[in-house]
**Q** 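The following block contains the structure, expressed as structure tokens.
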Amino acid sequence: MEAITRVQRLAEAGIGQVPPQYIQPLDQRPIKPKSESPSLSPPNNIPLIDLSKQSESIRCEIGRACREWGAFHVINHGVPLELLHQIRSVGRSFFEHCPMPEKLKYSCDSSSAASEGYGSKMLANDDSVLDWRDYFDHHTFPLARRNPSHWPESPPNYRRVVAEYSDKMEALAVKILKYMSESLGLAPSCIKDAVGDFYQNITVSYYPPCPQPELTLGLQSHSDMGAITLLIQDDVEGLQVFKDRDWITVQPLADAIVVLLADQTQIITNGEYISSQHQAITNGSKARLSVATFHDPAKTVKVSPASELVSESSPPRYRGVVYGDYISSWYTKGPDGKRNLDALLLDS
């Protein structure tokens, strides 16, 4: 029997207090952002970029967002809105309507980091504080990794929806990296060529209601390891990005996709563009669902600052790293903000 405690089971048991292993240290507990006031909060806090605009306008807006935020919404992105609805629907159906014994048939290998399937714990460190989250991770690219028989059979359209969503997200990631390259004056394929063939994972995260949201995090503060992450939320707030020493709550937009720059892109752009430090907070009364699509290099790829962005006046800021080594460090040490990326900084 699966030994890892499922957060959804704890929530459904009606506990009044969270177990100690979910309580964050004092300095990591969520703080209501200064900017989060119902009367003052704008409809969305991160930049909103319309991909139906003229290319030059898109490049300028993406460049500004990548320098200042490392995160932005995109609309008119070319992904059918019905598909966004369907991926949320099949994900929620698995968590809320599939009996626990059936869910456990798809359990991750708890001894191996980032294994495919149904899980609750990401890090190898047994002493790490646990996130208030369950998830299902799908391996979707390259196609040789994609095996729908590892995914839930119910609802009947689950596997088709995930495969179709995977294809659309891969195409959108290529398009956004093209705009990012061009915004830096690079060849359109520069960043994508540095990443190589995408290793894509789709993670559906389910955050059950939490009896003490002020003590917990659904996902601890981190920046993503790879190149670019595309994320959608349901209508429950939870995603926060860190900017100017403040946590900004990202207002959910049903038709938009959140773009989060990841660490390898910060290295490739020699720090011109920043990866997004973000976290997920919990909710005392509502369950929340998000779908994150990660686009990463292969483990054998060595990532370094693009030669076009390095000169005598702009020396390399990061040492090169083999991506597989970066993954091992991330899962062994834990994310803790952006410490794994900071460890690659060169002395100036």
Side-chain angles (χ1 to χ4, degrees), residues 7 18 22-49 64-74 122-123 128-133 135 203 205-225 228-253 256-263 265-266 273-292 294 330 333-342:
V7 177
V18 298
Y22 294 93
I23 297 177
Q24 293 288 331
L26 274 171
D27 62 340
Q28 301 295 320
R29 293 177 191 174
I31 301 171
K32 194 175 183 65
K34 295 188 292 289
S35 57
E36 190 181 18
S37 166
S39 60
L40 300 175
S41 181
N44 66 287
N45 302 86
I46 59 175
L48 175 65
I49 299 174
R64 189 178 308 114
C66 291
R67 283 189 174 90
E68 297 177 3
W69 288 83
F72 52 94
H73 275 125
V74 290
M122 290 289 285
L123 300 178
S128 59
V129 179
L130 297 178
D131 294 326
W132 191 261
R133 175 186 78 132
Y135 62 87
T203 302
S205 294
Y206 186 78
Y207 305 90
C210 179
Q212 293 177 297
E214 71 281 1
L215 301 181
T216 62
L217 286 170
L219 200 57
Q220 63 185 287
S221 168
H222 69 288
S223 53
D224 292 339
M225 295 177 283
I228 187 172
T229 302
L230 304 177
L231 178 135
I232 61 172
Q233 308 188 74
D234 60 12
D235 59 354
V236 179
E237 292 179 359
L239 175 66
Q240 293 186 325
V241 299
F242 193 67
K243 186 176 188 293
D244 299 332
R245 293 192 254 183
D246 192 12
W247 283 105
I248 309 296
T249 301
V250 177
Q251 306 297 319
L253 299 176
I257 295 171
V258 178
V259 179
L260 299 169
L261 271 62
D263 290 346
T265 296
Q266 181 162 334
Y273 290 169
I274 59 172
S275 59
S276 171
Q277 185 175 341
H278 56 283
Q279 66 182 19
I281 56 174
T282 58
N283 189 291
S285 59
K286 298 177 182 177
R288 173 176 173 262
L289 182 129
S290 69
V291 183
F294 303 95
W330 201 98
K333 297 177 182 177
D336 193 13
K338 298 176 72 167
R339 71 171 172 186
N340 291 290
L341 181 61
D342 291 342

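For reference, positions follow the sequence shown, starting with 1.
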**Q** List the steps and the verdict of side chain to side chain contact (heavy atoms under 4.5 Å, CB included) for Phe72 and Cys66.
**A** CA-CA 8 Å; Phe72 52 94; Cys66 291; 3.9 Å; yes

**Q** To the nearest 0.5 Å, how far apart are CG in Leu261 and OG in Ser223?
**A**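 Answer rounded to 0.5 Å: 10.5 Å.
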
**Q** Taking all heavy atoms of Pro47 and all of Ala71, pick out the closest pair and write down the distance.
**A**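 Looks like CD-O, 3.5 Å.
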
**Q** Just by modelled atom types, is the Tyr207 backbone N or O under 3.5 Å from a matching donor or acceptor in the Arg133 side chain?
**A** no

**Q** Between Trp132 and Pro209, what is the shortest heavy-atom contact and its length?
**A** NE1-O, 3.4 Å

**Q** For Ile232 versus Ala256, what's the shortest heavy-atom pair and its separation?
**A** CG2-O, 3.9 Å

**Q** Tell me whether Asp234 contacts the main-chain N or O of Leu289 through its side chain, where contact means a donor paired with an acceptor under 3.5 Å.
**A** yes

**Q** Can you tell me how far apart CD1 (Ile257) and CD1 (Ile49) are? Round to the nearest 0.5 Å.
**A**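 One finds 13.0 Å between CD1 of Ile257 and CD1 of Ile49.
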
**Q** Hey, mind stepping through Phe294 and Leu231 against side chain to side chain contact (heavy atoms under 4.5 Å, CB included) and telling me if it holds?
**A** CA-CA 9 Å; Phe294 303 95; Leu231 178 135; over 6 Å; no

**Q** Once you round to the nearest 0.5 Å, how far does NE2 of His222 lie from NE2 of His278?
**A**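 Spacing of NE2 (His222) from NE2 (His278) equals 3.0 Å.
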
**Q** Please examine the side chains of Ser275 and Leu341, heavy atoms only from C-beta on, and report whether any two atoms are closer than 4.5 Å.
**A**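 Yes, at least one pair of side-chain atoms sits under 4.5 Å.
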
**Q** Under 3.5 Å, is there a donor-acceptor pair linking the side chains of Thr249 and Gln240?
**A**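 There is such a pair (donor and acceptor under 3.5 Å, judged by atom type) between the side chains of Thr249 and Gln240.
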
**Q** Kindly compute the distance separating CD1 (Ile274) from CH2 (Trp69), expressed to the nearest 0.5 Å.
**A** 10.0 Å

**Q** Can you tell me how the ring of Trp247 sits relative to the ring of Phe242, calling it parallel under 30°, perpendicular over 60° and tilted otherwise?
**A**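 The rings of Trp247 and Phe242 sit tilted, inter-plane angle from 30° to 60°.
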
**Q** Hey, does the side chain of Lys286 reach the backbone of Asp235 with a donor-acceptor pair shorter than 3.5 angstrom?
**A**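 Here the side-chain-to-backbone pair does not exist.
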
**Q** Any idea which heavy atoms bring Gln233 and Val236 closest together, and the distance?
**A** OE1-O, 4.1 Å

**Q** Backbone N or O of Asp246 within a donor-acceptor pair of the Asp244 side chain at under 3.5 Å?
**A**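 No: the side chain of Asp244 does not pair with the backbone of Asp246.
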
**Q** Are Val7 and Tyr22 side-chain neighbours, meaning at least one heavy-atom pair lies under 4.5 Å?
**A**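 In contact.
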
**Q** Would you say the side-chain atoms of Lys338 and Gln266 include a donor-acceptor pair closer than 3.5 Å?
**A** yes

**Q** Could you check Asn45 against Val250 for side chain to side chain contact (heavy atoms under 4.5 Å, CB included), going step by step and ending with a plain yes or no?
**A** CA-CA 6 Å; Asn45 302 86; Val250 177; 5.8 Å; no

**Q** Between NE2 of His73 and CG of Leu48, what distance do you get to the nearest 0.5 Å?
**A** 7.5 Å

**Q** Of all the heavy-atom pairs spanning Ser276 and Leu260, show the shortest one and how long it is.
**A** OG-CD2, 3.6 Å

**Q** Locate the shortest heavy-atom distance separating Gln212 from Val18; write the atom from each residue and the value.
**A** OE1-N, 2.9 Å

**Q** Rounded at 0.5 Å granularity, tell me how far CG in Leu219 sits from CG in Leu239.
**A** 9.5 Å

**Q** Side chains of Asp263 and Thr265: any donor to acceptor distance under 3.5 Å?
**A** no

**Q** Counting N and O atoms only, with roles assigned by atom type, does the side chain of Arg29 sit under 3.5 Å from a partner on the main chain of Gln24, one being a donor and the other an acceptor?
**A**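 Yes: the side chain of Arg29 pairs with the backbone of Gln24.
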
**Q** Applying side chain to side chain contact (heavy atoms under 4.5 Å, CB included) to Gln251 and Glu237, what does each step give before you reach the verdict?
**A** CA-CA 6 Å; Gln251 306 297 319; Glu237 292 179 359; 2.5 Å; yes

**Q** Out of Val259, Leu253, Val241, which one pairs with Ile46 under the side chain to side chain contact (heavy atoms under 4.5 Å, CB included) rule?
**A**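 For Ile46, the side chain to side chain contact (heavy atoms under 4.5 Å, CB included) check succeeds only for Val241.
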
**Q** Residues two or more places apart in sequence or in another chain: which of them pass salt bridge (Lys or Arg N to Asp or Glu O under 4.0 Å) with Arg64?
**A**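 With sequence neighbours excluded, Arg64 shows a salt bridge (Lys or Arg N to Asp or Glu O under 4.0 Å) to no residue whatsoever.
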
